[in-house]
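Before any comments, here is the structure.
Throughout, numbering of the chain's residues begins at 1 and tracks the sequence.
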Amino acid sequence: MSHPIPEVTLHDGLKVPVIGLGTYKLKGNDGVHAITGAIDHGYRLIDSAYNYENEGTVGEAVRRSTVQREELLITSKLPGRYQGYDDAVTAIQESLYRGGLDYYDLYLIHWPNPKQDQYVEAWQALMDAKKWGLIRSIGVCNFLPEHLDRLEKETGVLPSINQVELHPFFNQADQRKWHEDHGVQTQSWSPLARAAELMKNESIHSIASAHHKTVSQVILRWHYQLGAISIPKSSSPVRQLENLSIFDFTLSEREMNRIGELSHPGGRMNDQDPAFYEEF
């Protein structure tokens, strides 16, 4: 990696790299090896979740790494079954115990689960955990503007970050605009979407060829130029390095628009609309 990873500053002052490592399904010793390798390659933002059942793997990778804990930003997420205030506080503590960590840099509510109507309680628990020093910055995942509005109205505090499904087939233009207008940082989960489908896309292939880059690099560069933090998952050292090598070229406005035009209303990968979908 020849170029340093740029950072963005969240509204609470935390500086976060614009690309991190997703760890879904990275578990056990193989997971530890993949994550420590990523840290060696320059990754500093590591994304996990209670429901990934790998907070211990991430914590072990942090301990085995030659990089100081203070230089890393570790994320985890609160599952839907623990959104009641007391349950949320306990789950945050359990996340820390699982990871063997003193604090998380980012802790997010994983889904709003609006039918359960507990996400405001959960948010209050995250706010308190931040006051107690257990979390440096608090955010959410998959919250629609209506959910974010309610958090601000009832607690006075907006999330520092909202991690949402975002990729060329679902570019979240309206959601991103809301974030931009309200100082909430957009983060992209599954930034490469259906990788096999994207790899066959002629439009992206032609852009990649023009820049002598891979399709994945072009897509991750698109996220960066949109102002979104991406967290691609890879256990391959070659792919990990490739995913970081996106800061030595620039997509033109026309190329950005061509990629954005691949988006369509049915572009979600698993039809997980946060207005209805719930995860526990």
Side-chain angles (χ1 to χ4, degrees), residues 1-10 15-26 34-35 37-48 72-73 75 106 141 161-173 175-176 179-180 185-263 267-269:
M1 185 186 63
S2 57
H3 291 72
I5 303 175
E7 295 178 323
V8 294
T9 303
L10 307 184
K15 294 186 186 312
V16 181
V18 299
I19 190 167
L21 181 76
T23 67
Y24 181 58
K25 293 189 176 178
L26 296 182
I35 296 165
I39 293 170
D40 287 343
H41 293 145
Y43 287 85
R44 294 296 178 264
L45 174 63
I46 312 295
D47 182 85
S48 179
L72 300 170
L73 289 100
T75 302
L106 282 155
C141 304
I161 208 163
N162 188 14
Q163 188 183 115
V164 296
E165 179 177 355
L166 173 55
H167 47 74
F169 298 135
F170 197 68
N171 68 25
Q172 293 272 29
Q175 182 86 37
R176 288 188 289 107
H179 290 169
E180 188 178 337
Q185 174 63 47
T186 301
Q187 189 172 42
S188 312
W189 62 259
S190 289
L192 300 175
R194 307 177 189 90
E197 194 174 331
L198 280 170
M199 297 305 160
K200 298 174 190 171
N201 186 276
E202 291 184 12
S203 185
I204 298 179
H205 259 294
S206 66
I207 295 170
S209 296
H211 290 280
H212 306 289
K213 291 289 182 178
T214 67
V215 167
S216 295
Q217 287 172 322
V218 165
I219 295 167
L220 293 173
R221 179 71 195 191
W222 174 78
H223 284 274
Y224 171 56
Q225 288 183 218
L226 287 180
I229 297 170
S230 59
I231 43 170
K233 187 201 84 172
S234 179
S235 58
S236 159
V238 172
R239 190 63 55 79
Q240 288 175 356
L241 281 168
E242 177 185 297
N243 289 346
L244 288 184
S245 301
I246 62 168
F247 303 110
D248 57 351
F249 74 107
T250 302
L251 298 173
S252 68
E253 184 177 353
R254 182 170 176 271
E255 290 169 330
M256 289 290 292
N257 290 337
R258 282 175 66 192
I259 297 170
E261 286 165 2
L262 298 173
S263 185
R268 291 187 191 276
M269 289 190 296

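The aromatic rings of His167 and Phe169 stand perpendicular to each other, their planes meeting at an angle above 60°, with 30° marking the opposite boundary.
In this structure, the side chains of Leu192 and Leu220 come closer than 4.5 Å at one or more pairs of heavy atoms. Side-chain atoms of Ile219 and Pro191, non-hydrogen and from C-beta on, never get closer than 4.5 Å to each other. Two residues are said to be in side-chain contact when any heavy atoms from C-beta on lie closer than 4.5 Å; Ile161 and Thr75 fail this criterion. A heavy-atom distance below 4.5 Å is found between the side chains of Met199 and Ser216. When side chains are defined from C-beta on, Trp189 counts as touching Met269, because their heavy atoms get closer than 4.5 Å. Asp248 has its side chain within reach of Lys213: a pair of non-hydrogen atoms, C-beta onward, lies under 4.5 Å apart. A 4.5 Å side-chain heavy-atom check between Leu45 and Ile5 finds every atom pair outside the cut-off.
Across all their heavy atoms, Tyr43 and Ile46 have their closest contact at CB-CD1, 4.4 Å. In terms of heavy atoms, Val215 sits closest to Ala208 at N-CB, 4.0 Å. In plain terms, the two heavy atoms of Ser188 and Ile231 that are nearest each other are O-CG1, 3.2 Å. Ser234 and Leu21 make their closest contact through O-CD1, 3.7 Å (heavy atoms, listed as atom of the first residue, atom of the second, distance). A pairwise comparison of heavy atoms in Ile19 and Asn243 identifies CD1-O, 3.1 Å as the closest pair.
Evaluation of the side-chain hydrogen bond (donor to acceptor under 3.5 Å, both in side chains) test over residues 195-204, restricted to residues two or more places apart or in two chains, returns Ser203-Arg258. Every pair passing ring-ring contact (aromatic ring centres under 6.0 Å, His included) that includes a residue from residues 217-246 is listed here, sequence neighbours excluded: Tyr224-Phe247.
Checking side-chain atoms of Arg176 against main-chain N and O of Ala228 turns up no donor-acceptor pair under 3.5 Å. The closest donor-acceptor contact from the side chain of Thr214 to the backbone of Gln217 lies under 3.5 Å. With hydrogens and angles disregarded, no donor-acceptor distance shorter than 3.5 Å links the side chain of Arg44 to the backbone of Gly20.
A donor-acceptor contact under 3.5 angstrom links the side chains of Asp47 and Gln163, judged on distance only. The closest side-chain donor-acceptor pair between His211 and Glu255 falls under 3.5 angstrom. Remark: the Thr186 side chain and the Gln172 side chain contain no N/O donor-acceptor pair separated by less than 3.5 Å. A donor-acceptor contact under 3.5 angstrom links the side chains of Arg221 and Gln225, judged on distance only.
Rounded to the nearest 0.5 angstrom, Thr23 OG1 and Ile35 CD1 are separated by 5.5 Å.
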